[in-house]
Amino acid sequence: MAGIYLHLPFCSSFCLYCDFYSEVNESTLRRGYLDALKAEISERANYFAGVLPDTIYMGGGTPSLFDPEEIAELADLLRDGFKITHLREFTLEANPDDITPQKLEGWRRAGVDRLSIGVQSFFDDHLAWMRRRHSSSQAINAFKMARKADYNNISLDLIFGFEGLSEEQWRHNIEQLTALSPEHISCYQMSIEPGSELALLADAGRYKEPSEEICADQYSILQKLLEDAGYRQYEISNFARPGREALHNASYWERVPYLGLGASAHSFDGRRCRYRNIADIKSYIAAMGANDFAQIRKEEILSDDDIFNEQIMLGLRKVSGLSLSSLESSRLAKIKPVLNHLTNTGEIISEGDIIRIPAERMFVSDGIMQQLFL
Ligand code: SF4
């Protein structure tokens with residue numbers, strides 16, 4: 001198992017809450033960026049050292065802004081460059097306002113077999129406040145178009161935990177979503193990210209986060225309604241029909257190797273080395289054009305404690321939990337007293353070799369995991 005993530009950091013406008021690296025109104029840089037990606041694909045041809053990548057994820061930014069021919073060009077380069085013979089999953093992130101029958105057809109020809117569509121809410125006033133560029137009806141139509149174009153693996157995103165979202169509206173959003181019956185659902189709590197427009201509003205006293213209690217209630221409503229609708233939670237923010245869990249994202253939680261290509265993309269060698277590409281399109285293009293690869297990439301070597309903490313953090317994100325025998329024994333011995341305490345208080349469930357966070361404590365999982373870090 002190994003995955004390739006390709007970052008396409010271009011957007012038509014910034015969403016209120018977003019802190020991802022992306023550029024707005026820089027479409028003239030697109031061709032140069034694609035050429036730089038080509039250079040990086042060729043430079044990283046031996047990255048996987050014998051392991052064949054079997055998932056591709058094109059994220060952003062807004063990959064759906066790109067022409068299907070450009071997506072196909074990148075997909076061909078990835079297949080040739082990494083000798084990919086069999087893909088288990090090829091996901092493209094798409095915004096509802098970009099989706100057309102022509103693009104759907106073009107993406108399919110490029111090999112895309114899974115779409116991740118950012119819906120976020122079915123209320124137009126929420127969407128306008130978030131500075132999303134689509135309406136509720138556009139999101140519904142986009143989903144129906146994708147179904148008509150034979151996409152049978154679609155993930156939809158929703159956001160909860162923002163000021164003004166009532167319980168009734170949240171229930172409505174979940175019901176609208178499940179009525180569409182996507183294979184996969186991701187739900188994220190709105191957070192105030194430094195550098196986002198939302199952070200400015202909060203600083204100016206014009207936005208106030210809902211209480212922890214309200215957010216926790218919305219999360220448990222989500223868990224209940226999705227379970228009733230036949231979805232299985234498999235990670236803190238992710239739910240799927242049985243067998244439709246996201247394969248590419250699983251590589252992050254399983255600590256298998258993945259390669260991130262493009263400005264601000266991250267990679268992991270599956271052992272102890274993480275890489276982070278420079279978060280600046282122009283510098284990325286210039287460095288790749290000059291074959292100056294050292295300029296675009298920073299390397300971080302994880303210590304044994306870092307690896308242990310990562311295993312805890314990534315393993316306990318999953319509903320299936322973490323195998324204790326995968327942890328280094330002397331470090332496991334150090335956290336045993338805290339682990340026993342968390343098991344006694346019901347924050348952690350221990351079943352033989354497996355420890356996991358129970359569904360009703362998933363909302364506060366960050367705090368539970370942190371107690372186990374070295
Ligand atoms: S949330 Fe997505 S579409 Fe919105 S600005 Fe961020 S990257 Fe672009």
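For this chain, numbers begin at 1 and follow the sequence in order. Read the numbers this way: they start at 1 and go in the same order the structure lists the ligands and their atoms.
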> Any idea which protein heavy atom is nearest atom 4 (Fe) of ligand 1, and the distance to it?
Replying inline: Cys15 SG, 2.3 Å
> Starting from atom 2 (Fe) of ligand 1, which protein heavy atom do you reach first, and at what distance in Å?
Replying inline: Gly61 O, 4.0 Å
> What is the closest protein heavy atom to atom 6 (Fe) of ligand 1, and at what distance does it sit?
Replying inline: Cys18 SG, 2.3 Å
>> Is Ser13 close enough to touch ligand 1? Criterion: a residue heavy atom under 4.0 Å from a ligand atom.
In response: yes
> In ligand 1, which numbered atoms sit nearer than 4.0 Å to a non-hydrogen atom of Thr62?
Replying inline: 3 (S), 8 (Fe)
>> Parallel, tilted or perpendicular, judged at 30° and 60°: which one describes the rings of Tyr252 and Tyr258?
In response: perpendicular
>> To check your reading of the model: name the closest protein heavy atom to atom 3 (S) of ligand 1, its residue, and the distance in Å.
In response: Arg133 NH2, 3.2 Å
> Relative to the ring of Tyr33, is the ring of Tyr284 parallel (under 30°), tilted (30 to 60°) or perpendicular (over 60°)?
Replying inline: tilted
> Can you name the one residue among Leu332, Leu339, Ile335 that meets side-chain contact (heavy atoms from CB on, under 4.5 Å) with Ile312?
Replying inline: Ile335
> Asn95 heavy atoms, cut-off 4.0 Å: which ligand 1 atoms fall inside?
Replying inline: 3 (S)
>> Counting backbone and side-chain atoms alike, is an N, O or S atom of Cys11 positioned under 2.8 Å from atom 4 (Fe) of ligand 1?
In response: no
> Which class fits the ring pair Tyr234 and Trp253: parallel under 30°, tilted 30 to 60°, perpendicular over 60°?
Replying inline: perpendicular
> Should the pair Phe123 and His172 be assigned to parallel (<30°), tilted (30 to 60°) or perpendicular (>60°) ring geometry?
Replying inline: tilted
> So, does Asn277 use its side chain to make a donor-acceptor pair with the main chain of Leu261 at under 3.5 Å?
Replying inline: no
>> Suppose I only count heavy atoms of Arg132 and a 4.0 Å limit; which atoms of ligand 1 are within that range?
In response: 1 (S), 3 (S), 4 (Fe)
> So is Arg131 close enough to ligand 1, meaning a heavy atom under 4.0 angstrom away?
Replying inline: no
> Relative to each other, are the rings of Phe66 and Phe10 parallel, tilted or perpendicular (30° and 60° limits)?
Replying inline: perpendicular
> Using a distance-only test with no angle check, is there a side-chain donor-acceptor pair under 3.5 angstrom linking Ser135 and Ser137?
Replying inline: yes
> Taking heavy atoms and a distance under 4.0 Å, where does Glu23 meet ligand 1: side chain, backbone, both or neither?
Replying inline: neither
